[in-house]
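Have a look at the structure below before the remarks.
These numbers were taken from a predicted model, which means no experiment stands behind them. Starting from 1, each residue takes its place in the sequence as its number.
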Amino acid sequence: MDGLIPDDPERIGRYRLLGRLGEGGMGRVYLARSDRGRTVAVKTVREELARMPDFRRRFAQEVKAAQRVGGEWTAPVLDADTEAATPWVATGYVAGPSLAEVVDRQYGPLPSPTLRVLAAGLARALQAIHAAGLVHRDLKPSNVLVTIDGPRVIDFGIARALDASTQSAEGLTKAGAVVGSPGFMSPEQVRGEKVSYASDVFCLGAVLAYAATGRMPFGTDEGGLHSLLFRIATEEADLTGVPEPWQGVVSACLAKEPEKRPAPEELLTSIEDMAGADDTPGGAWLPGEVLAELGRHAVQLLDSEDPEDRVPVGAAPAAGFGPPPAAYGPATPPWQGRSPLEAGPAAARPSPYATPPPAAVPVTPSPYAPPPARRAKGLATALNVLLILFVVPVLFNFTVLATVYGELGGRPGSSSPRGIDDFRALQVTGFVAEGLSLLVLLAAATVWACWFHRMRQNAESFAPGRVRYRPGLAAGSWFIPVVNLFLPKQIANDIWTATTGRPAGAGRWLMHTWWWLWVAHLATELSAYQSWDERKTAAGARETVLNALSGDVVAVVSTVFAVLFVSRLTRLREDRAAGSGGVAGAR
């Protein structure tokens, strides 16, 4: 396990992150701990996949189905948020290395008794996965974890969601796209055909051959990926080194035609018939070297300190056994007959750490906890009042400009605009209207920055670590040229997503409309570098007045949508905060 880096969030959902477990085709995997002390693995989705509606839809379907799979031979799906800006899924954490680590680095080819328990466990896992209507699609050594109680299968059903991002409109795999892991794919996966439960059985055969020999049955991709895939689709597996009793079982699983492969139930019957004299009833199924590694892994897990539960320097430890149990995860260690994926919530299990800490031990607020949501209704009301007041001088200026346009229309285009009736009065009135609108706009901009800063702060309460940029930059970016054309929109997107809890829809059209109208308003303001009374000809003055009139129209419309945007987002924020336990502050 690697430590967290500054770009990693501190919390995902209700889980506090402890470290990185790895990174794969779907995204990153973190070791995390729930508020009740359960240790879990949280997998987040890559940003490019999260932007694909098809992937999100399929991912939500697969996670919902995967939650029906039991946890006896798999890592159970405990929680998920498929609508978050960064979708994630939490599974029970399995305290053990992968089969790939055991075979490649710790031990080598597994003995027959170990192979039998491995095969039976994987067959039962496929039974549970298939019973939930799922096809694993990516059964490989790195997705098989080794524990003291037997193997556990992870990532079931997720590969099907990944498949959605590589399919054409006709449902066929796009040219050049590979769904699965080369070397452990079925022929139908290689050919881009429909995948059934039998595909998982082929992958199981490849995994068993690898576990028995320490090498992949169809070779590696050193000679090229296409040559490896060709061998899987057309050639027989190399089963040299597979123990004699196992060759029939493995070769049956590796049949090219899906209908000729045995079902998991048939495999279990064949595996039970192979029980030998060297199998010790009730004994350890793993070699001693692997058991020792499991012990080291368990110690590392226990030493994974939760940053929110650190005992302050100088504080007395809890009586009896040192720090409180939340710092160590589940109270029942894996060597006492229960694996972490079978363990229930920490509060439901007896713990040697049951003695409460002394009352004198100070409780330090965690610096990692997200800040509570603060009310923004007062700021929103003040902002909306100023925006409405801004419309008054703009409409007044529009009336003045319309009068000027009418006066200019009756004069020759080459004449001077100063010759119109009441030139001086119209000039001064327009100047006053523009000055008033500018003063109100400056006041509105100040309150807008405060409101936007507050909304960015509140977003952290609902989506910790998932909102881009700091609150200070969120407010200041509006006043930075060029940057204000894109960066505030990114922050607004994150705030809206955190508020609604949904990456799309939920009235998002209102935010987009407001934003593009604001950009159009800014463009018209920047283009108005010369007023009508500064032009030398009536024709030039008419053109300037016409542009100013259109700018005032855009200003009024954009202000209306700004009021709607502020009101809608603030109301959503207040509702979300109230549903999450209230808001702090009175403003």
Side-chain angles (χ1 to χ4, degrees), residues 1 4 8-22 24 26-46 49-50 55-95 128-129 132-134 136 143 145 152-162 301 304 306 308-309 326 329-330 339-349 368-370 460-466 497-498 500-503 576 579-581:
M1 181 181 71
L4 299 175
D8 289 326
E10 292 160 358
R11 295 179 66 94
I12 294 179
R14 58 191 179 94
Y15 303 98
R16 298 186 293 274
L17 303 189
L18 304 178
R20 282 189 177 198
L21 293 174
M26 192 180 85
R28 292 174 181 167
V29 187
Y30 297 98
L31 180 68
R33 188 160 289 139
S34 72
D35 294 337
R36 298 187 65 183
R38 183 165 189 173
T39 306
V40 300
V42 179
K43 173 167 282 191
T44 59
V45 171
R46 294 204 321 261
L49 290 174
F55 173 83
R56 279 186 175 273
R57 177 181 56 80
R58 184 67 66 85
F59 181 58
Q61 292 174 351
E62 298 305 312
V63 167
K64 186 176 181 180
Q67 287 174 325
R68 300 197 301 266
V69 179
E72 185 178 2
W73 298 100
T74 62
V77 173
L78 306 174
D79 197 1
D81 188 351
T82 59
E83 300 295 334
T86 301
W88 55 268
V89 58
T91 65
Y93 177 66
V94 180
I129 293 170
L134 294 170
H136 192 294
N143 278 341
L145 301 183
R152 300 290 187 272
V153 174
I154 62 174
D155 279 0
F156 44 87
I158 302 305
R160 186 177 179 188
L162 285 171
L301 174 62
S304 297
D306 191 329
E308 291 200 18
D309 292 324
S339 68
L341 69 89
E342 295 174 299
R349 303 193 304 274
Y368 300 99
E460 198 68 26
S461 303
F462 306 120
R466 284 184 281 172
T497 300
T500 62
R502 297 171 58 186
R576 181 73 182 269
S580 301

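Val94 and Leu145 make their closest contact through CB-CD1, 3.5 Å (heavy atoms, listed as atom of the first residue, atom of the second, distance). In plain terms, the two heavy atoms of Pro76 and Thr74 that are nearest each other are CD-O, 3.3 Å. Between Ala50 and Val45, the shortest heavy-atom distance links the atoms N-CG1, 3.8 Å. Of all non-hydrogen atoms in Gly92 and Ala75, the two that sit nearest each other are O-CB, 3.5 Å.
Using a 4.5 Å heavy-atom threshold, the side chains of Arg16 and Asp35 count as touching. When side chains are defined from C-beta on, Tyr15 counts as touching Trp88, because their heavy atoms get closer than 4.5 Å.
Remark: side-chain polar atoms of Arg56 are paired, donor with acceptor, to backbone N or O of Thr82 under 3.5 angstrom.
Separation of atoms OG1 (Thr44) and CG (Asp8) is listed at 8.5 Å; rounding is to 0.5 Å. Atom CG of Leu134 is separated from atom CD1 of Ile129 by 7.5 Å, given to the nearest 0.5 angstrom. Here Leu18 contributes atom CG and Leu4 contributes atom CG; the two are 7.5 Å apart, rounded to the nearest 0.5 Å. Within the model, atoms CG of Asp81 and CD1 of Ile12 stand 10.5 Å from one another, a figure rounded to the nearest 0.5 Å. Once rounded to the nearest 0.5 Å, the distance linking OH of Tyr93 with CD1 of Ile154 reads 10.0 Å. Taking CG of Leu17 as the start and CG of Leu31 as the end, the distance is 9.0 Å to the nearest 0.5 Å.
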